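Everything on this sheet refers to the single structure shown next.
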Amino acid sequence: MPSDESSASPEDGPECDLHHRPLILERVEKDPPEAFKTVLTQRLKKHCSCTPQKAKSKLLGFVPILSWLPRYQCKNWILGDAMSGLIVGILLVPQSIAYSLLASQDPIYGLYTSFFASIIYAILGTSRHISVGIFGVLCLLVGQVVDRELALAGYPPESSSSSGSSSLNISGDLLAGLTNGSAGGGCDRSCYAITVGATVTFTAGVYQVLMGLLQVGFVSVYLSNSLLSGFATGASLTILTSQFKYLLGLKIPRPQGWFTLFKTWFSIFSHLGQTNLCDLITSLVCLAVLIPTKEINDRFKSKLKAPIPFELFVVIIATVASHFGHFNTEYGSGVAGDIPTGFLPPQLPLWSLIPNVAVDAFSIAIVGFAITVSLSEMFAKKHGYAVDANQEMYAIGFCNILPSFFRCFTTSAALTKTLVKESTGCQTQVSGLVSALVLLLVLLLIAPLFYSLQKCVLAVIIVVNLRGALRKFLDVPQMWRANRVDTFIWLVTMATSALVNTELGLLVGVLVSAFCVLARTQRVSVEQLGRADDRELYEGLTTYRGLRRQNAVPVFRYNAPIYYANQSLFKKSLYKSVGLDPLREKARRLKASKKKRPTVEVKGLQNDGKEVASVNLIREEPSPSEHVSSLVLDCSCVLFLDTAGVSALKEVQKDYAEVGVRVVLAQCNTSVLDSLERGEYFPENQQNEMFFFTIDDAVHFVQNLPVSNGNYEI
């Protein structure tokens with residue numbers, strides 16, 4: 001093919017015409033769509049029929065442990081699973097007790113939660129490496145709901161109640177509901193708190209299972225990493241703030257509503273004079289021990305076979321010191337209190353409370369599922385196996401539904417414990433069963449020994465574990481250099497979650513992410529393409545050097561789908577790039593036709609020197625359309641068209657045709673072509689003159705057209 005397109009002309013002879021003949025492909029005719037009744041009948045037969053093979057497949061898919069456990073390589077895997085399960089179980093003991101504070105629950109319920117979640121996920125989960133149990137952000141969300149419902153029910157703040165057992169100011173309707181609902185009569189503050197937490201957990205689990213039944217596991221892709229990271233960091237700031245009252249030994253209620261961060265700090269500064277010196281000293285000592293030792297674990301994790309459980313050591317030493325030092329009775333230090341052994345009998349959720357917590361439970365369900373799926377997919381990709389997002393939805397849903405009957409609160413995967421689990425040799429979900437055995441031992445024998453454990457020690461454990469999330473602030477400059485849009489989403493989500501409201505932060509993050517996606521299509525502008533001298537390659541003139549501009553047949557590209565939100569901007573950008581707005585050109589021509597045309601008076605002389613009559617010569621003003629006779633629109637980057645997009649292209653075609661400019665399309669994908677055909681963009685038998693598979697074909701076609709200075713029919 002000649003490198004100089006401008007040399008192609010009708011005079012070049014039949015060989016040139018044959019060489020530049022446009023490529024024509026014949027579309028494969030698709031079968032007509034089946035009738036709705038037929039499709040419905042086939043799908044009902046497919047999903048409602050039951051065969052032994054299908055029943056077995058469904059059972060194995062719903063209970064994955066039945067598939068992988070018979071193939072378990074005990075000799076190769078048991079050591080790694082036992083080691084990782086033992087270490088994670090030891091770490092879970094102090095963390096389960098500590099994170100109960102965030103959920104406004106007694107310590108025993110944190111141990112219950114981790115125990116049941118470890119077993120159920122091992123049976124139903126598809127990820128071999130993630131550790132499912134208590135997670136700080138979800139504990140915070142549950143705790144906010146619990147405190148709100150306690151206040152609405154008339155229970156006094158925790159600081160006002162003695163030993164956490166007060167049932168003052170409880171309405172008669174509430175007491176009747178608790179009696180009928182299974183919480184039992186005479187429910188005190190602690191009892192009602194876990195009833196609320198279990199009801200929220202049950203409702204969130206139902207949401208997650210329903211989403212699994214509806215096969216909506218794909219929703220996780222809409223929660224980007226920057227959104228989840230910003231949400232977790234913002235929630236971490238709220239968690240950090242909420243623990244300061246325990247570090248200082250202050251007895252102040254948790255504020256409700258928006259701007260809780262500011263309200264909490266205001267309360268802390270207002271009550272600084274009431275700081276408990278015993279709790280403050282204990283907190284400082286524990287921080288001085290845990291921060292450097294956790295850094296040692298992180299720095300030498302590649303050399304250590306397993307992280308050293310410094311948290312457990314601190315808990316044991318602090319409990320012994322508090323017990324023999326009588327910190328609770330002598331100095332008024334808050335302690336964990338009585339932690340019973342064994343299991344309480346199951347109870348139903350409080351059904352009358354579900355409408356009050358339904359909205360909160362939905363946001364909790366989304367956060368728990370999103371974190372679990374993102375972590376499971378990340379580690380599955382790293383180790384070369386696949387996870388099922390919908391099965392993960394079932395697994396995490398039942399990790400909430402079933403334990404809620406045993407007074408547990410919401411769970412999900414947790415990054416820190418998952419990293420520990422992976423780094424200590426975990427091979428399969430058997431590791432979770434080993435962790436559950438460690439927790440069972442604590443629940444049956446050891447739990448009462450933590451009676452004298454100070455709450456400030458638990459708060460220190462929570463604060464120290466927030467280091468990873470808070471370090472994200474150091475990564476902001478690098479994030480900004482890498483991708484400003486993602487950094488903006490992170491900053492907005494983090495700020496809203498921390499400064500305004502935790503649940504609102506998630507919603508704002510989703511909306512901002514969607515807005516940024518739309519904004520990217522709004523900011524796209526039409527660019528003119530140039531051709532490389534010796535290639536049939538067209539790229540942006542502003543992007544690459546050495547490209548030759550097609551003056552006679554300019555080529556333009558739009559790098560976004562054309563739909564209702566940007567169709568107007570597309571037309572404006574195209575008209576600006578072409579340098580010819582057909583609407584203004586039509587208006588200019590109409591105005592010129594109505595005005596008297598400008599004339600120039602020319603006088604001549606006869607041979608005898610006498611003047612002759614003057615002659616008026618009409619002087620035409622040049623039209624911008626004289627410089628453009630046709631243009632090619634490259635649609636290779638137009639992913640789809642909606643009805644408004646098709647209408648926009650039809651308007652462009654019609655408006656330019658009225659000023660004598662032909663518009664042809666090139667490189668449309670099949671989806672765009674189908675939309676154009678359904679929208680009747682191509683007149684009958686004229687598709688081959690309006691659409692081409694390559695830009696070069698389109699350019700050669702319009703170059704060989706006869707020049708027209710007027711309108712042409714389309």
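Keep in mind that what you see is a predicted model, and the values were worked out from it rather than measured. One-based numbering along the sequence shown. As a basis for the values below, the full set of heavy atoms in this structure was taken, side chains included, without hydrogen atoms, waters or symmetry mates.
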Euclidean distance, Leu280 CG relative to Leu284 CG, rounded to 0.5 Å: 4.5 Å

Grab the two heavy atoms, one from Ile134 and one from Gly110, that are nearest each other, plus how far apart they are. CG2-O, 4.3 Å

Closest approach of Ala122 and Gln429, non-hydrogen atoms and distance? CB-O, 3.5 Å

Student check: side-chain heavy atoms of Val438 and Leu92 closer than 4.5 Å: no

Which is it for Asn566 and Val524 under the side-chain contact (heavy atoms from CB on, under 4.5 Å) test, yes or no, and what are the steps along the way? CA-CA 9 Å; Asn566 69 349; Val524 173; over 6 Å; no

Leu213 side, atom CG; Met393 side, atom CE - distance, nearest 0.5 Å: 10.0 Å

Under the criterion ring-ring contact (aromatic ring centres under 6.0 Å, His included), which of Phe116, Phe115, Tyr109, Tyr112 is the partner of Phe406? Phe116

Audit row: Met211, Ile366, side-chain contact (heavy atoms from CB on, under 4.5 Å) steps and yes/no: CA-CA 10 Å; Met211 287 188 284; Ile366 293 294; 3.9 Å; yes

Exercise: identify the closest heavy-atom pair between Asn390 and Gly212: OD1-O, 4.1 Å

Could you tell me which residues satisfy side chain to side chain contact (heavy atoms under 4.5 Å, CB included) with Asn225, sequence neighbours excluded, listed by chain and number? none

Which pairs, with at least one residue in residues 359-373 and sequence neighbours excluded, count as a side chain to side chain donor-acceptor pair (under 3.5 Å)? Arg148-Asp360

For Phe259, does the CZ atom sit with more than 12 other heavy atoms under 6.0 Å from it, leaving out its own atoms? yes

I'd like to know if the side chain of Ser573 reaches the main chain of Phe570, judged simply by a donor and an acceptor atom lying under 3.5 Å from each other, with no hydrogens or angles considered. no

Donor-acceptor pair between Thr201 and Thr410 side chains, under 3.5 angstrom: yes

Between Ser376 and Ser127, is there a side-chain donor-acceptor contact under 3.5 Å, judged purely by atom types and distance? no

Can you tell me which residue among His129, Glu422, Glu377 is in a side chain to side chain donor-acceptor pair (under 3.5 Å) with Lys382? Glu422

Taking side chain as C-beta onward, heavy atoms only, is Asp106 less than 4.5 Å from Ile194? no

Check whether any side-chain N or O of Asn276 sits under 3.5 Å from a backbone N or O of Cys278 as a donor-acceptor pair, and report yes or no. yes

Note: Ala235 and Leu140 closest approach over all heavy atoms is O-CD2, 3.8 Å

Just checking, is any N or O donor in the side chain of Ser431 or Ser84 under 3.5 Å from an acceptor N or O on the other one? yes

With distance as the sole criterion, is a donor-acceptor pair present between the side chains of Thr126 and Asp388 under 3.5 Å? no

Stepwise side-chain contact (heavy atoms from CB on, under 4.5 Å) test for Leu312 and Leu91: CA-CA 7 Å; Leu312 185 62; Leu91 293 177; over 6 Å; no

Heavy-atom closest pair, residues Ile120 and Phe398: CD1-O, 3.7 Å

Contacts satisfying side chain to side chain donor-acceptor pair (under 3.5 Å) that involve residues 234-243 (not counting sequence neighbours) are Thr241-Trp265

For Asp279 and Ser333, does a side-chain donor sit closer than 3.5 Å to a side-chain acceptor? yes

Distance in Å, Glu392 CD paired with Ser412 OG, rounded so as to fall on 0.5 Å steps: 11.5 Å

Testing the basics here: between Arg128 and Cys426, what is the closest heavy-atom pair and its distance to 0.1 Å? O-SG, 3.1 Å

Look only at the side chain of Asp147 and the backbone of Gln144, and say whether a donor-acceptor pair between them is shorter than 3.5 Å. no

Starting from the C-alpha separation in whole Å, work towards a yes-or-no answer on side-chain contact (heavy atoms from CB on, under 4.5 Å) for Phe409 and Val200. CA-CA 8 Å; Phe409 47 87; Val200 172; over 6 Å; no

Pairwise distance OH(Tyr394) to CD1(Ile401) - rounded to 0.5 angstrom: 11.5 Å

Kindly check if the number of other-residue, nucleotide or ligand heavy atoms within 6.0 Å of NZ (Lys294) is above 12? yes

Spell out, as yes or no, whether a donor-acceptor pair under 3.5 Å connects the side chain of Thr493 to the backbone of Ile489. yes

So OG1 of Thr282 and CG of Leu247: to nearest 0.5 Å the spacing works out to 10.5 Å

Quick check: does any side chain N or O of Tyr192 sit under 3.5 Å from a backbone N or O of Ala153, one acting as donor and the other as acceptor? no

Pairing residues for His271 by the ring pair (Phe, Tyr, Trp, His ring centres under 6.0 Å) criterion, not counting sequence neighbours: none

Give a yes or no answer on whether the side chain of Lys421 reaches the backbone of Ile130 with a donor-acceptor pair at less than 3.5 Å. yes

Set of residues satisfying salt bridge (Lys or Arg N to Asp or Glu O under 4.0 Å) with respect to Arg471, sequence neighbours excluded: Glu295

Going by the ring pair (Phe, Tyr, Trp, His ring centres under 6.0 Å) test, which pairs reach into residues 454-508, not counting sequence neighbours? Phe473-Trp490

Do other residues, nucleotides or ligands put more than 12 heavy atoms under 6.0 Å from the CZ atom of Phe640? yes

